[in-house]
Asker: 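One structure coming up, written as structure tokens, with questions to follow.
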Amino acid sequence: MSTDLNIDAIVSKNEVATFAGGCFWCTEAIFLSLEGVESVVSGYIGGKTLNPTYTEICTGETGHAEAIQILFDPNKISFSDLLHVFFATHDPTTLNRQGNDLGTQYRSEVFYHNEYQRQFAEEYKELLTAAKTFAKPIVTKISEATRFYQAEDYHQNYYNLNKSVGYCSYVITPKMQKLQELFSSKLKK
């Protein structure tokens with residue numbers, strides 16, 4: 001079977017960013033909306049259990065965070081832009097918590113894939129701290145990316161497939177409205 005699609009060419013021009021900012025349903029929906037983001041995968045990173053399941057993650061005992069892995073075109077959106085959206089659309093001052101979601105799996109963490117991402121994330125966090133952007137100290141960790149495990153299929157594109165579900169309506173939709181207000185020029189048309 002022949003195809004005109006050259007996967008290697010598509011992937012080679014893109015970069016990867018990995019963020020944990022609470023429930024991955026929320027962060028996935030936000031980043032899927034951005035121009036230049038090619039794909040977003042919900043999953044687990046930063047723990048000790050091999051091939052973790054959602055049930056295991058929910059115990060808080062695996063050490064993993066619910067996270068998203070973003071494939072983006074740096075010619076359309078920069079890592080800097082992604083980081084700005086990340087810090088603006090979740091609470092980076094609450095330890096192991098986002099809203100009613102509580103546990104280490106809901107921590108705020110940037111998982112860097114190269115030296116540029118590490119340095120930029122650390123400098124950006126310092127800049128936000130110095131500017132007193134948040135009333136409380138930022139607790140977001142910045143760590144080297146480890147193995148990322150894709151979450152079960154029913155977690156992928158969750159918000160777009162389940163907008164009428166209570167959690168989506170009450171938690172994610174307001175975040176999407178905030179995204180629209182703050183970053184309308186960065187959104188897909």
Side-chain angles (χ1 to χ4, degrees), residues 3 5 7 10-11 14-73 77 82-83 85-92 94-113 140-141 143 145-180 183 186-189:
T3 178
L5 184 62
I7 298 298
I10 293 171
V11 173
N14 292 322
E15 294 182 16
V16 175
T18 305
F19 300 134
C23 172
F24 49 34
W25 295 343
C26 298
T27 51
E28 178 192 59
I30 288 166
F31 287 92
L32 274 173
S33 301
L34 298 174
E35 185 66 42
V37 169
E38 303 293 330
S39 68
V40 180
V41 176
S42 291
Y44 318 112
I45 191 170
K48 59 188 182 302
T49 302
L50 295 177
N51 301 310
T53 65
Y54 184 67
T55 302
E56 291 171 319
I57 296 298
C58 288
T59 67
E61 295 176 12
T62 70
H64 290 88
E66 284 193 16
I68 55 166
Q69 196 152 80
I70 305 163
L71 187 66
F72 66 100
D73 181 345
I77 190 165
L82 296 175
L83 206 57
V85 170
F86 171 73
F87 276 102
T89 56
H90 84 291
D91 185 351
T94 55
L95 186 62
N96 301 327
R97 179 182 200 136
Q98 286 298 307
N100 290 330
D101 295 327
L102 180 62
T104 58
Q105 67 271 29
Y106 299 115
R107 66 186 179 265
S108 176
E109 193 161 358
V110 173
F111 293 91
Y112 60 86
H113 292 269
T140 304
K141 291 174 55 179
S143 306
T146 57
R147 184 168 178 189
F148 182 86
Y149 296 93
Q150 183 171 327
E152 296 81 352
D153 287 345
Y154 69 92
H155 291 297
Q156 307 306 321
N157 200 24
Y158 190 85
Y159 175 72
N160 289 324
L161 298 173
N162 298 282
K163 288 182 182 178
S164 63
V165 172
Y167 185 88
C168 293
S169 298
Y170 296 110
V171 176
I172 304 174
T173 297
K175 287 179 180 258
M176 297 301 288
Q177 291 167 340
K178 181 178 182 180
L179 178 72
Q180 176 68 41
F183 299 104
K186 300 276 184 210
L187 300 179
K188 292 177 179 170
K189 306 294 180 234

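The first residue of the sequence shown is numbered 1, and numbering continues consecutively from there. Here the structure is a predicted model, which is why all the values come from computation and not from measurement.
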Asker: Just so I know, are the side chains of Ile77 and Glu15 near enough to count as touching, which here means a heavy-atom distance under 4.5 Å?
Answerer: no

Asker: Which heavy atom of Cys26 sits nearest to which heavy atom of Ile172, and what is that distance?
Answerer: SG-CG1, 3.5 Å

Asker: About how many Å separate CZ of Phe86 and OG of Ser108, when rounded to the nearest 0.5 Å?
Answerer: 4.0 Å

Asker: Apply the side-chain contact (heavy atoms from CB on, under 4.5 Å) test between Phe72 and each candidate in Leu82, Leu34, Val40; give the one that qualifies.
Answerer: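 Exactly one candidate clears the test, Leu82.
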
Asker: With side-chain contact (heavy atoms from CB on, under 4.5 Å) as the test, pick out the partner of Leu32 among Ile68, Ile70, Asn157.
Answerer: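 The residue from Ile68, Ile70, Asn157 that satisfies side-chain contact (heavy atoms from CB on, under 4.5 Å) with Leu32 turns out to be Asn157.
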
Asker: What pairs with Gln69 under side chain to side chain contact (heavy atoms under 4.5 Å, CB included), at least two apart in sequence or on another chain?
Answerer: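 Only Val16, Thr18, His113, Phe148 meet the side chain to side chain contact (heavy atoms under 4.5 Å, CB included) criterion with Gln69.
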
Asker: Should Tyr44 and Thr49 count as side-chain neighbours, where that means a heavy-atom distance under 4.5 Å?
Answerer: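 The answer is no, as the side chains (C-beta and beyond) never meet within the 4.5 Å cut-off.
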
Asker: Could you tell me whether the side chain of Ser33 and the main chain of Ala29 form a donor-acceptor pair under 3.5 Å?
Answerer: yes

Asker: Counting distance only, does the side-chain N/O of Glu38 pair as donor-acceptor with the main-chain N or O of Asn14 below 3.5 Å?
Answerer: no

Asker: For the pair Tyr167 and Asp101, evaluate side chain to side chain donor-acceptor pair (under 3.5 Å) and give the outcome as yes or no after the intermediate values.
Answerer: CA-CA 11 Å; Tyr167 185 88; Asp101 295 327; 2.7 Å; yes

Asker: Give a yes or no on this: more than 12 heavy atoms of other residues, nucleotides or ligands lie within 6.0 Å of atom OH of Tyr170.
Answerer: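 At most 12 heavy atoms, drawn from other residues, nucleotides or ligands, come within 6.0 Å of this atom.
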
Asker: Which heavy atom in Tyr158 sits nearest to a heavy atom in Glu28, and how many Å separate them?
Answerer: N-OE1, 3.1 Å

Asker: Quick check: closest heavy atoms across Leu161 and Gln156, and the distance to 0.1 Å?
Answerer: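 That would be CD1-O, 3.9 Å.
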
Asker: Let me confirm one number: the CD-CD distance from Gln105 to Glu56, rounded to the nearest 0.5 Å.
Answerer: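 Between atom CD of Gln105 and atom CD of Glu56 there are 12.5 Å.
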
Asker: After noting the C-alpha distance and the side-chain angles of Thr173 and Lys163, does the key distance pass the side chain to side chain contact (heavy atoms under 4.5 Å, CB included) rule?
Answerer: CA-CA 8 Å; Thr173 297; Lys163 288 182 182 178; 5.6 Å; no

Asker: Please identify each residue that fulfils salt bridge (Lys or Arg N to Asp or Glu O under 4.0 Å) with Lys186, with sequence neighbours left out.
Answerer: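 Residues passing salt bridge (Lys or Arg N to Asp or Glu O under 4.0 Å) with Lys186: Asp81.
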
Asker: Who pairs with Glu35 by side chain to side chain contact (heavy atoms under 4.5 Å, CB included), at least two apart in sequence or on another chain?
Answerer: Lys76, Lys188

Asker: What's the verdict on side chain to side chain contact (heavy atoms under 4.5 Å, CB included) for Ser42 and Glu66, showing C-alpha distance, side-chain angles and the deciding distance?
Answerer: CA-CA 7 Å; Ser42 291; Glu66 284 193 16; over 6 Å; no

Asker: What's the separation between atom CD1 in Ile57 and atom OG1 in Thr104, rounded to the nearest 0.5 Å?
Answerer: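 The distance works out to 8.5 Å.
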
Asker: Does the side chain of Cys23 come within less than 4.5 Å of Gln98's, by heavy atoms?
Answerer: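 No, every pair of side-chain atoms sits at 4.5 Å or beyond.
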
Asker: For the residue pair Phe19 and His90, is the inter-centroid distance of their aromatic rings smaller than 6.0 Å?
Answerer: no

Asker: Just how far is it from atom CZ of Phe24 to atom NE2 of His155, taken to the nearest 0.5 Å?
Answerer: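 Going from the CZ atom of Phe24 to the NE2 atom of His155 covers 4.0 Å.
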
Asker: For the atom pair CZ (Arg107) and OG1 (Thr140), what is the distance rounded to the nearest 0.5 Å?
Answerer: 11.5 Å

Asker: Measure the spacing between CD1 of Ile30 and CE of Met176 and express it to the nearest 0.5 Å.
Answerer: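 Those atoms lie 6.5 Å apart.
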
Asker: For the pair Lys48 (side chain) and Glu61 (backbone), establish whether a donor and an acceptor sit closer than 3.5 Å, ignoring hydrogens and angles.
Answerer: yes

